[in-house]
**Student:** 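Quick one: the structure is below, questions incoming.
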Amino acid sequence: MSLQDRTRFDPAEVEPRISARWLADGLYHPEPEGAADENYSIAIPPPNVTGALHMGHALNGSVQDALIRLHRMRGQRAKWILGTDHAGIATQAQVEKRLISEGTSREAIGREAFTERVWEWRSEFGGTIIDQFKRLGASCDYEEERFTLDDGYAKAVVKVFVALYDKGCIYRDHYMVNWDPGTGSAISDLEVEDREVTDTLFSVAYPLSDGSGEVVVATVRPETMLADTAVAVNPADERYTHLIGKSVVLPLVGRELPIIADDYVKVDFGTGCLKITPGHDPNDFEIGRRHGLEELSAIGEDGCMTADAGAYAGLTVAQARTRVVADLEAAGQMRAAEPYTHTVPFSHRSGERIEPLISLQWFMRMDELAAPAIAAVREGRVRIHPESQSRRYLDWLENIRPWCVSRQLWWGHRLPVYYRGEETYVGAEHPAGDGWTQDPDVLDTWFSSALWPFATLGWPDDTPQLRAFYPTNVLSTARDILFLWVARMVMMGIEFTGEVPFTDVYCHSVIQAPDGRRMSKSLGTGIDPLDLIDGGPRPPVFTEGGDFPAYGADAVRFGLMAMSSTQDVRFSEEKVAQGQALANKLFNASRFILGKVPEGTGPAARPTTVEDRWILSRLQRIVGETTERVEVFAFSKAVLGLYDFVYGELCDWYLELIKTREIDDDLAATLTYVLSETLALCHPFIPFVTEELWTHVPGHEDGLLAAAPYPRVEPALIDVPAETRVADLITAVTALRAWRETTDLPPKTILPARIPAAYADTQTLIARLARLEPIGDDGEASALVPVPGGVVEIVAGYLVDPAVEAAKREQRRAALTAEIARAEGKLANPGFIAKAPPHLIEAERGKLARLREDLEETGT
RNA sequence: GGGCGCGUAGCUCAGCUGGUCAGAGCGCUCGCUUUACACGCGAGAGGUCACAGGUUCGACCCCUGUCGCGCCCACCA
């Protein structure tokens with residue numbers, strides 16, 4: 001289609017066409033050759049197979065694609081490792097929901113049939129998010145898509161588990177876990193969310209065994225007292241020191257409990273006396289382990305009271321609480337009951353209240369692997385951006401705790417653990433002999449994703465992919481999985497490959513809803529990136545209703561990068577609109593240039609005038625700035641800088657300056673060069689529009705911009721004098737236009753004027769843009785417009801009101817006089833003269849001299 | 001409770017190691033069918049840089065405190 005057929009860039013028409021060309025070309029798939037340090041790779045944070053593209057994916061995708069495209073254009077083999085995560089809990093929950101809607105359930109169909117259903121689900125919906133990445137223009141290696149549960153990956157997971165077991169890092173233990181009654185599984189601390197809840201705080205009296213009195217303890221969970229095994233006080237609490245070593249009798253049960261001393265107990269909270277229930281409270285568990293207390297479980301995984309609960313066995317937790325409270329009251333041991341608001345853990349997945357339980361689980365000891373991961377960041381072998389995030393990373397690793405890696409799910413990597421009676425076998429293969437049964441649990445999803453950067457490349461085999469692309473270069477992610485995922489990848493990477501899995505970690509912003517709340521579908525604050533691209537409906541969080549315009553992928557990419565920062569930011573539709581405007585501006589600038597340039601013009605920098613030298617010099621500046629900004633992950637500055645260049649310098653000034661020039665070979669070549677370089681420079685950020693326009697540039701019909709060389713700074717084209725000359729021109733023209741706005745002159749009137757000699761090389765340009773006609777000495781000036789290095793004298797006779805001009809002159813004199821006074825005052829300050837750096841003093845003196853000259857020129 | 005960060009034009013945000021920084025985009029006002037673009041062009045108005053002290057010749061930028069907001073970690077029975 002000819003460019004001249006339309007005046008607007010139409011992403012809906014262009015993007016599918018361009019996308020198809022990229023995919024057909026194969027440039028997304030680099031051959032696994034060469035060494036990792038000459039190639040460039042990024043492992044995508046694998047989206048959940050069941051997921052749909054959300055704002056975080058879109059921003060992260062834009063960022064990673066900009067990096068990948070830029071390095072690909074630099075001639076590196078650039079591989080963006082693609083794949084999806086099996087996402088144990090999330091996926092299992094989705095399929096279970098479907099089963100329930102079909103009137104059946106996971107339990108009813110059994111494990112084998114269930115996992116089969118999940119695989120079916122995956123083949124049906126697993127491609128959705130991949131297709132959405134394509135819509136965004138993400139240049140992932142779609143030819144080698146991986147899945148955290150595919151055969152090769154499973155092999156890597158088993159190898160790692162067995163190796164860590166053999167090393168003694170993985171072990172089975174009774175431990176306090178966050179039991180989620182909703183999913184019937186232990187979940188990690190990181191999957192727990194806190195909610196504020198109002199409970200009743202009960203004060204219960206425990207009589208001393210020797211009959212000398214009682215101590216009062218407070219609890220919101222009286223039913224757990226059935227599993228109490230001690231009472232603790234602070235060793236420094238003089239109210240109780242005499243009781244340490246004595247014992248109390250547990251009401252309703254009659255068990256004798258020692259009174260122990262532990263610093264954990266707060267002297268100034270409650271009665272300063274704490275009942276210890278190692279089986280049902282994480283802190284009590286720790287205390288219990290410190291003091292070697294017995295660990296009783298009064299509550300079972302089914303949410304009912306166990307045999308340890310004695311007379312209460314079989315009741316639900318709620319029933320037991322009611323009974324215990326009633327019995328305590330009947331026994332006269334209840335001292336108080338008052339409302340109490342506090343935060344309580346809930347399952348992020350099922351929404352149910354966490355039941356802390358002691359349970360037999362598989363754990364991984366982390367300290368040994370953490371040490372090298374700490375060193376890697378400390379020593380700068382892994383750099384985290386922004387730097388402030390590395391502190392969080394280090395704090396977490398330095399206080400790391402054992403990781404509960406077993407999950408009571410069916411969807412995931414089943415533990416390579418086998419039992420026969422009292423025997424336990426851990427190994428890649430099913431053990432020989434009869435009677436072995438495999439552990440039913442699967443591994444925490446993050447266990448497998450921790451291997452992502454190398455398991456995707458074929459590890460543990462020594463593959464060409466691994467040699468060519470590992471370690472990867474950059475890992476880009478939101479902060480929230482810095483611990484869950486990033487830290488664990490560093491640990492596993494170092495342990496199993498001997499190398500850090502990436503050298504830079506970029507933590508991008510979290511985009512919040514326009515009102516500052518978290519983006520969430522259920523809150524109505526979520527914005528679907530595809531709705532922005534295609535023009536879908538605005539979610540309720542927008543005050544304005546209706547559909548989004550079909551902004552297109554470039555606009556969304558630009559907008560998201562423009563919004564991003566080192567901290568969280570609010571979504572701003574204006575930034576997306578700005579991206580759309582930029583795409584459209586490039587489209588029209590290209591139409592303009594290509595409409596002037598004859599067929600067959602090759603791009604070349606052949607400046608013949610000051611404005612040619614200026615734009616070429618400015619182009620070098622923006623090339624350098626953009627490159628530097630990407631290197632330090634300043635994507636917002638990078639894209640906004642490109643916007644400013646295209647609008648502010650290329651279109652507003654250069655194209656206007658050359659508009660009336662005859663197009664000779666030199667100018668045609670230069671225009672083509674500037675356009676080509678600008679398109680290439682912008683391509684990693686807004687790939688579609690630039691690729692489309694590239695095809696219209698003479699000589700580019702067949703080649704892909706995505707495979708063209710990225711611009712580099714050409715020092716020979718930097719021209720400081722030209723930059724100064726045109727900067728003055730811009731200031732002068734702006735001043736002249738502003739002056740005209742203050743008059744009643746019809747906008748188009750051409751006015752005779754004397755332009756200072758300093759503007760000899762640019763005066764015809766100034767005259768055209770400011771609608772002046774340069775004249776000689778004849779005629780009396782009716783207005784004076786100050787410009788850098790002189791004054792433009794307007795000779796407009798009666799068209800200009802002398803009184804108005806005189807008033808303006810007076811105003812200017814007053815402003816200059818005030819400025820001069822300020823500068824004089826500063827220079828008269830002995831402190832300034834004595835302590836300020838000499839170059840600043842000089843600058844101030846120069847400024848004063850100029851101000852005095854300017855005042856002189858205003859005449860009298 | 002600990003840690004981090006933020007409060008700059010109506011809105012969303014830039015302002016590097018203190019010395020033309022008081023800025024950009026959008027919005028708003030005024031004027032333009034100027035032969036690439038009205039998703040355009042030109043010109044404007046708008047801020048005591050949260051508040052109070054302090055350091056300094058000089059602070060939006062450093063220090064202290066106060067108020068407001070966000071996030072992370074720990075999670076006081």
Side-chain angles (χ1 to χ4, degrees), chain A residues 3-4 6-9 189 192 194 201-203 217-221 224 232 264-266 268-277 281-284 340 342-345 386 388-389 391-392 395-396 399 479-480 482-483 510 512 514 516-518 549 551 555 562-563 565-575 577-578 580-596 636-637 640 643-644 647-648 651-652 655-656 659-660 733-734 737-742 746-748 768-771 819 823 826 829-837 839-841 843-844 847:
Chain A
L3 271 188
Q4 309 304 333
R6 49 178 87 210
T7 62
R8 290 182 190 178
F9 175 64
D189 289 346
V192 168
D194 291 324
L201 183 66
F202 298 96
S203 296
V217 299
T219 180
V220 292
R221 303 212 41 201
T224 64
Y264 172 79
V265 184
K266 301 284 176 289
D268 54 357
F269 189 87
T271 60
C273 205
L274 178 64
K275 76 191 225 5
I276 303 297
T277 320
D281 182 279
N283 295 308
D284 293 6
Y340 181 68
H342 62 149
T343 56
V344 171
S388 58
Q389 294 300 320
R391 171 85 166 276
R392 286 181 61 229
D395 281 351
W396 187 76
N399 297 299
R479 289 183 318 272
D480 54 354
L482 193 60
F483 312 142
V510 172
Q512 299 166 331
R517 288 186 291 168
R518 209 166 190 75
Y551 285 114
M563 277 173 235
S565 163
T566 54
Q567 59 182 42
D568 292 351
V569 290
R570 295 187 181 196
F571 180 83
S572 130
E573 188 178 342
E574 288 72 27
K575 287 285 191 292
Q578 198 178 344
Q580 183 194 31
L582 176 61
N584 196 243
K585 195 70 171 172
L586 279 172
F587 182 80
N588 279 296
S590 301
R591 289 176 59 217
F592 178 67
I593 291 171
L594 298 174
K596 283 184 173 299
S636 151
K637 288 197 174 75
L640 291 172
Y643 178 95
D644 288 342
Y647 263 78
C651 293
D652 287 350
L655 295 186
E656 292 301 327
K659 212 164 213 175
T660 55
V733 169
T734 304
R737 284 168 174 169
W739 168 80
R740 188 188 285 263
E741 290 285 330
T742 66
K748 287 186 167 176
R768 178 163 57 81
L769 294 179
R771 297 183 192 284
E819 270 296 289
K826 197 165 183 179
N829 179 340
F832 181 71
I833 298 300
K835 297 188 178 174
H839 73 274
L840 285 172
I841 298 174
E844 196 65 28
K847 186 174 163 188

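So that the names make sense, note that chain A is the first sequence line, chain B the second, and so on, each numbered from 1. The shown structure was predicted, so the numbers you read here are calculated from the model rather than taken from an experiment.
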**Student:** Give the rounded distance in Å between these two atoms: CG of A/Asp652 and P of B/C39.
**Tutor:**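 Checked: the CG to P distance equals 16 Å.
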**Student:** Please give the distance between the C1' atoms of B/U55 and B/C62 as a whole number of Å.
**Tutor:**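 Approximately 8 Å lies between the C1' atom of B/U55 and that of B/C62.
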**Student:** Name the closest nucleotide to the A/Ser572 side chain, picking from B/C39, B/G42, B/U12.
**Tutor:**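 Closest nucleotide to the A/Ser572 side chain: B/U12.
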**Student:** Could you check which of B/C72, B/C37, B/A77 has an atom nearest any side-chain atom of A/Val220?
**Tutor:**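 Selected nucleotide: B/A77.
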**Student:** Using a cut-off of 4.0 Å on non-hydrogen atoms, how would the nucleic acid contact of A/Lys575 be classed: base, sugar-phosphate, or nothing?
**Tutor:**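 Base: the residue A/Lys575, judged by heavy atoms under 4.0 Å, touches a nucleobase.
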**Student:** Search all heavy atoms of A/Leu482 against all heavy atoms of A/Arg392 and return the closest pair with its distance.
**Tutor:**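 Between these two residues, the closest heavy atoms are CD2-NH1, 3.8 Å.
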**Student:** Base, sugar-phosphate alone, or nothing: which one does A/Lys275 contact when heavy atoms must sit under 4.0 Å apart?
**Tutor:**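 No contact.
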**Student:** Parallel, tilted or perpendicular, judged at 30° and 60°: which one describes the rings of A/Trp396 and A/Phe483?
**Tutor:**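 The arrangement is parallel - the two ring planes meet at less than 30°.
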**Student:** If the cut-off is 4.0 Å, is A/Ser565 near the phosphate of B/A14, judged by side-chain N/O to OP1 or OP2?
**Tutor:**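 Affirmative; the distance criterion is met.
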**Student:** What nucleic acid atoms does A/Asp480 come within less than 4.0 Å of, heavy atoms only: base, sugar-phosphate, or nothing?
**Tutor:**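 If one applies the 4.0 Å heavy-atom cut-off, A/Asp480 turns out to touch nothing in the nucleic acid.
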**Student:** Whole angstrom is fine here: how far is it from CG in A/Asp644 over to P in B/G25?
**Tutor:**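 In whole Å, B/G25 P lies 7 Å from A/Asp644 CG.
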**Student:** Can you find a side chain N or O atom of A/Thr734 that sits less than 4.0 Å from OP1 or OP2 on B/A43?
**Tutor:**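 The answer is yes; a side-chain N or O of A/Thr734 sits under 4.0 Å from OP1 or OP2.
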**Student:** Tell me the interatomic distance from A/Phe571, atom CZ, to B/C26, atom C1', rounded to whole angstroms.
**Tutor:**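 In whole Å, B/C26 C1' lies 13 Å from A/Phe571 CZ.
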**Student:** Which is it for B/G46, anti or syn, if anything within 90° of zero counts as syn?
**Tutor:**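 Because its glycosidic torsion lies within 90° of 0, B/G46 adopts the syn conformation.
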**Student:** Using a heavy-atom cut-off of 4.0 Å across all strands, would you classify A/Arg221 as base, sugar-phosphate, or nothing?
**Tutor:**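 No contact.
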**Student:** Say you draw a straight line from CG of A/Asn588 to OG1 of A/Thr7; how long is it, rounded to the nearest 0.5 Å?
**Tutor:**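 Answer rounded to 0.5 Å: 6.0 Å.
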**Student:** For A/Glu656, which contact category applies under a 4.0 Å heavy-atom criterion: base, sugar-phosphate, or nothing?
**Tutor:**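 The answer is base, as A/Glu656 lies within the cut-off (heavy atoms under 4.0 Å) of a base atom.
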**Student:** Rounded to whole angstroms, how far apart are OH on A/Tyr643 and P on B/U12?
**Tutor:**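 Distance check: A/Tyr643 OH to B/U12 P gives 19 Å.
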**Student:** Return the nearest nucleotide to the side chain of A/Glu741; candidates are B/G42, B/C26, B/C13.
**Tutor:**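 My answer, after comparing the listed nucleotides, is B/G42.
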**Student:** On a heavy-atom basis, which atom in A/Ala583 and which in A/Phe9 lie closest, and how many Å separate them?
**Tutor:**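 Closest heavy-atom pair between A/Ala583 and A/Phe9: CB-CD2, 4.0 Å.
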**Student:** Any idea which of B/A77, B/C39, B/G25 is nearest the A/Ala218 side chain?
**Tutor:**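 Of the candidates, B/A77 comes closest.
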**Student:** With side-chain contact (heavy atoms from CB on, under 4.5 Å) as the criterion, how do A/Arg737 and A/Leu769 come out once you've worked through the C-alpha distance, each side chain's angles and the decisive distance to 0.1 Å?
**Tutor:** CA-CA 9 Å; A/Arg737 284 168 174 169; A/Leu769 294 179; 4.0 Å; yes
**Student:** When you get a sec, tell me which of B/U12, B/A36, B/C37 is the closest nucleotide to the side chain of A/Thr7?
**Tutor:**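 Nearest to the side chain of A/Thr7 among the choices is B/C37.
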**Student:** Search all heavy atoms of A/Val265 against all heavy atoms of A/Gly272 and return the closest pair with its distance.
**Tutor:**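 The pair with the smallest heavy-atom distance is CG1-O, 3.5 Å.
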**Student:** Does A/Lys748 make a side-chain N or O approach to OP1 or OP2 of B/G31 shorter than 4.0 Å?
**Tutor:**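 The answer is no; no side-chain N or O of A/Lys748 sits under 4.0 Å from OP1 or OP2.
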**Student:** Measuring from the side chain of A/Tyr264 (C-beta onward, heavy atoms only), which nucleotide among B/C39, B/C72, B/C76 has the closest atom?
**Tutor:**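 Per side-chain heavy atoms of A/Tyr264, the pick is B/C76.
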**Student:** Taking the minimum atom-to-atom distance to the side chain of A/Arg391, which one of B/C26, B/G3, B/C39 wins?
**Tutor:**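 Closest nucleotide among those given: B/G3.
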**Student:** Between B/A43 atom C1' and A/Arg737 atom CZ, what is the distance in whole Å?
**Tutor:**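 Those two atoms, CZ and C1', are 9 Å apart.
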**Student:** Considering every strand and a 4.0 Å limit on heavy-atom distances, what is the contact class for A/Ser388: base, sugar-phosphate, or nothing?
**Tutor:**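 Since no nucleic acid heavy atom lies under 4.0 Å of A/Ser388, the category is nothing.
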**Student:** Does A/Lys585 place a side-chain N or O at less than 4.0 Å from the phosphate oxygens OP1/OP2 of B/C41?
**Tutor:**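 Yes, A/Lys585 has a side-chain N/O under 4.0 Å of OP1/OP2 on B/C41.
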**Student:** OP1 or OP2 of B/U12 versus the side-chain N and O atoms of A/Arg570: is any pair under 4.0 Å?
**Tutor:**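 It does, given that an N or O in the side chain of A/Arg570 lies less than 4.0 Å from OP1 or OP2 of B/U12.
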**Student:** Using a heavy-atom cut-off of under 4.0 Å over every strand shown, decide if A/Val265 touches base, sugar-phosphate, or nothing.
**Tutor:**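 Base contact.
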**Student:** Over how many whole Å does the gap from A/Leu582 atom CG to B/C39 atom P extend?
**Tutor:**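 To the nearest whole Å, that distance equals 16 Å.
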**Student:** Once you round to the nearest 0.5 Å, how far does CG of A/Asp568 lie from CE of A/Met563?
**Tutor:**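 Rounded to the nearest 0.5 Å, the CG-CE separation comes to 13.5 Å.
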**Student:** Please report the distance, rounded to the nearest Å, between CD in A/Gln512 and C1' in B/C71.
**Tutor:**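 Whole-Å distance recorded here is 9 Å.
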**Student:** Give A/Ala836 one of three labels, base, sugar-phosphate or nothing, depending on what nucleic acid heavy atoms sit under 4.0 Å from its own.
**Tutor:**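 Answer is base: heavy atoms of A/Ala836 come under 4.0 Å of a base.
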**Student:** Work out how far the C1' atom of B/G68 is from that of B/G27, and round it to whole angstrom.
**Tutor:**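 26 Å, rounded to whole Å.
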**Student:** Tell me whether the guanidinium CZ or amine NZ of A/Lys585 lies under 6.0 angstrom from the six-membered ring centre of A/Tyr643 and within 45° of its axis.
**Tutor:**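 No - A/Lys585 does not lie over the ring of A/Tyr643 by the 6.0 Å and 45° rule.
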**Student:** What's A/Thr271 touching, base or sugar-phosphate or nothing? Going by heavy atoms closer than 4.0 Å.
**Tutor:**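 A/Thr271: no heavy atom of the nucleic acid under 4.0 Å.
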**Student:** Taking all non-hydrogen atoms of both residues, which atom of A/Thr277 and which atom of A/Thr224 are closest, and how far apart?
**Tutor:**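 Nearest heavy atoms, A/Thr277 then A/Thr224: CG2-O, 3.2 Å.
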**Student:** Heavy atoms from C-beta onward define the side chain here; which of B/G40, B/A77, B/C76 lies closest to that of A/Tyr647?
**Tutor:**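 Looking only at side-chain atoms, A/Tyr647 lies closest to B/G40.
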**Student:** For the C1' atoms, the ones on B/A22 and on B/A38, what distance do you get once it is rounded to whole angstrom?
**Tutor:**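 Comparing C1' positions in B/A22 and B/A38 gives a spacing of 32 Å.
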**Student:** Looking for any heavy atom pair under 4.0 Å, which part of the strands does A/Gln580 touch: base, sugar-phosphate only, or nothing?
**Tutor:**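 The answer is base, as A/Gln580 lies within the cut-off (heavy atoms under 4.0 Å) of a base atom.
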**Student:** For A/Leu840 and B/U20, what is the distance between atoms CG and C1' respectively, to the nearest whole Å?
**Tutor:**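 Rounded to the whole Å, the gap is 11 Å.
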**Student:** So which heavy atom on A/Glu573 is nearest to which on A/Pro549, and how close?
**Tutor:**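 Here A/Glu573 and A/Pro549 meet closest at OE2-CD, 4.0 Å.
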**Student:** Taking only the P atom of each, what is the distance from B/A45 to B/G10 in whole angstrom?
**Tutor:**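 Rounded to whole Å, the distance is 15 Å.
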**Student:** Roughly how many Å apart are B/U8 and B/A52, using the P atom of each and rounding to a whole number?
**Tutor:**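 Here B/A52 and B/U8 have their P atoms 15 Å from each other.
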**Student:** Check whether any side-chain N or O of A/Lys659 sits under 4.0 Å from OP1 or OP2 of B/A36, and answer yes or no.
**Tutor:**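 True: A/Lys659 side-chain N/O within range (under 4.0 Å) of B/A36 OP1/OP2.
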**Student:** Going from CD on A/Glu656 to CZ on A/Arg768, what distance comes out if it is rounded to the nearest 0.5 angstrom?
**Tutor:**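 One finds 7.5 Å between CD of A/Glu656 and CZ of A/Arg768.
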**Student:** Under a cut-off of 3.5 Å for both distances of each Watson-Crick or G-U pair, what dot-bracket string does RNA chain B give, using [ ] for crossing pairs and | for inter-strand pairs?
**Tutor:** (((((((..((((.....[...)))).(((((.......))))).....(((((..]....))))))))))))....
**Student:** When we call it a touch if two heavy atoms are under 4.0 Å apart, what does A/Asn829 touch: a base, just sugar-phosphate, or nothing?
**Tutor:**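 Here A/Asn829 touches the backbone only, sparing every base.
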**Student:** By nearest atom, which of the nucleotides B/A77, B/C37, B/G44 is closest to the A/Lys266 side chain?
**Tutor:**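 Selected nucleotide (nearest to the side chain): B/A77.
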